[in-house]
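Below is one structure, written out as structure tokens; comments come after it.
For ligands, and for the atoms within them, numbers begin at 1 and follow the listed sequence. In this text the structure is predicted, and so the values were computed from the model without any measurement.
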Amino acid sequence: MDKPIVYDIAIIGDGCASWMLLEAFSRQKGFADVRVLLIGSGEVLNRTWCFWEADLPEPYQIMVQRSWSSMSFASDEVLHVQDLDDRSYHHLPGEHFFNYFNHQFLPRHPNIIRVNSRVEGIEGAPGNFTVRCGESSYRCKQLYNSGFMAKRPHIGIWQHFKGWVIELEEGHIEPEVVRLMDFNLTQEHGCAFMYILPYSATTALVEVTFFSPQLLQESQYEHFLKEYIARTLGEKYNIIDQEFGQIPMQQGAFSANGPNGEVNLGTLGGMVKASTGYAWQRMRADSEQLAQAYFTGQKAIRTHEKTRFGFYDSLMLWIIINEPQACKRVFTQLFKKKKLPLITRFMDEKTTLAEEISIFAVLPLGLFLKALWYRWCAPISRSYMLSVIL
Ligand SMILES: Cc1cc2nc3c(=O)[nH]c(=O)nc-3n(C[C@H](O)[C@H](O)[C@H](O)COP(=O)(O)OP(=O)(O)OC[C@H]3O[C@@H](n4cnc5c(N)ncnc54)[C@H](O)[C@@H]3O)c2cc1C
């Protein structure tokens, strides 16, 4: 009987993080001699990614559909249109991403074996993992996982959105400016804003986004979309595509490694920034770190929540959960007083401490002090009191 193959590397999940990791691996010397197994459920993700980046490298550059260098923010009393710095805001459709990896990348790398299957469990430890998929199982020395098994973490707050790609029959959309946030809609369901990604002067993705614990009914998202489009873009349009998404905005639910010592990737690995829902940049940086670590033996420096940016996120999340009506005021102050390049670099965690202090100086101080007290000081003093009493 043939001995079962022991793969050098197995990667669970066939979404964004897994392909990014494979791409980063493929640029390392010696990759062609590594036996790699990619196990994914084969689910087709109808998803698009947007992110800020200055010099987008190959192969991602060729996947980008459109890039913008101006953005706007709108709220009751303000409409700000500003240019970005040397970075652009890129729109990369999932179709381009998966087509590239399935039809160009994979055939060039015969050392990658792809299996369509759902993983049910992981056993073993680094050096000797077994991955179970129904009747089959696979062995590997190093394991990376972006897939969810039976037990999913509890998520208390979501970024949830519904978008329509519309084609106007009459009227015009400003094609050079992305509307990052428009707070001109009711905040009764939590922090809510509209987002417009213009593909041309007559076509755009218009999205209604909420940061809140509960999802809405389909008809409610549609009501907001209809009302906003009629009010700002016109009554006559055709819906040519749509998307719905929900992204966890949760700290403490995800971790860099799984229980057996496997390396977690993507959403599962905590790469989604909890206060914004953006993950693309973090996943790409993480892939580079992990690929280099595998081939050099050095420790990967990975994104985690215990940084000063994680602390800022924790305050913002507290406000989103406990004072949702105040979010509009926070964002309005921010965009009124600070420049777009600084705000977007802050969202990407690329600012200096001095820049962050200058940002917090223009935000509602009482609200952030309240968040600081209830999120951090009160729990610490409560546990101190308990330790004294007990
Ligand atoms: C609709 C949507 C839009 C987003 N847009 C943006 C954006 O514009 N910019 C940004 O920065 N971030 C965005 N994000 C956040 C983040 O970039 C994406 O969620 C990203 O796809 C996460 O990558 P991932 O590999 O962790 O998960 P996924 O891309 O979802 O891939 C995971 C894959 O693993 C498979 N899988 C799951 N469980 C198993 C299992 N047990 N066995 C085998 N396979 C399994 C799934 O079928 C899936 O194909 C968005 C998220 C969503 C949901």
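Aromatic pair Tyr144/Phe25: ring centres closer than 6.0 Å. Aromatic ring centroids of Phe105 and His109 lie under 6.0 Å apart.
Judged as a ring pair (Phe, Tyr, Trp, His ring centres under 6.0 Å), and not counting sequence neighbours, Phe129 has no contacts. Checked against salt bridge (charged side-chain N to carboxylate O under 4.0 Å, His left out), Glu288 has the following partners two or more places apart in sequence or in another chain: Arg27.
Defined by atom type and a distance below 3.5 Å, a donor-acceptor pair is missing between the side-chain atoms of His90 and Tyr60.
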Give a table of atom pairs where an N or O of ligand 1 lies under 3.5 Å from a protein N or O.
unit_1	atom_1	unit_2	atom_2	d
ligand 1	5 (N)	Thr48	O	3.3
ligand 1	8 (O)	Cys50	N	2.7
ligand 1	9 (N)	Cys50	O	2.9
ligand 1	11 (O)	Ala279	N	2.7
ligand 1	11 (O)	Trp280	N	2.8
ligand 1	12 (N)	Ala279	N	3.3
ligand 1	17 (O)	Trp49	NE1	3.3
ligand 1	19 (O)	Arg47	NH1	3.4
ligand 1	21 (O)	Arg47	NH1	2.9
ligand 1	25 (O)	Cys16	N	3.3
ligand 1	25 (O)	Ala17	N	2.8
ligand 1	26 (O)	Thr267	N	2.8
ligand 1	26 (O)	Thr267	OG1	3.4
ligand 1	29 (O)	Cys16	N	3.1
ligand 1	30 (O)	Arg47	NH1	3.1
ligand 1	38 (N)	Arg118	NH2	3.4
ligand 1	38 (N)	Phe148	N	3.1
ligand 1	41 (N)	Val119	O	3.1
ligand 1	41 (N)	Phe148	O	2.9
ligand 1	42 (N)	Val119	N	2.9
ligand 1	44 (N)	Ser41	N	3.2
ligand 1	47 (O)	Ser41	OG	2.6
ligand 1	47 (O)	Glu43	OE1	3.0
ligand 1	49 (O)	Asp14	OD1	3.0

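Within the structure, every pair that satisfies the ring-ring contact (aromatic ring centres under 6.0 Å, His included) test and touches residues 321-356, not counting sequence neighbours, is listed here: Phe73-Phe335, Phe183-Phe331, Tyr312-Phe346.
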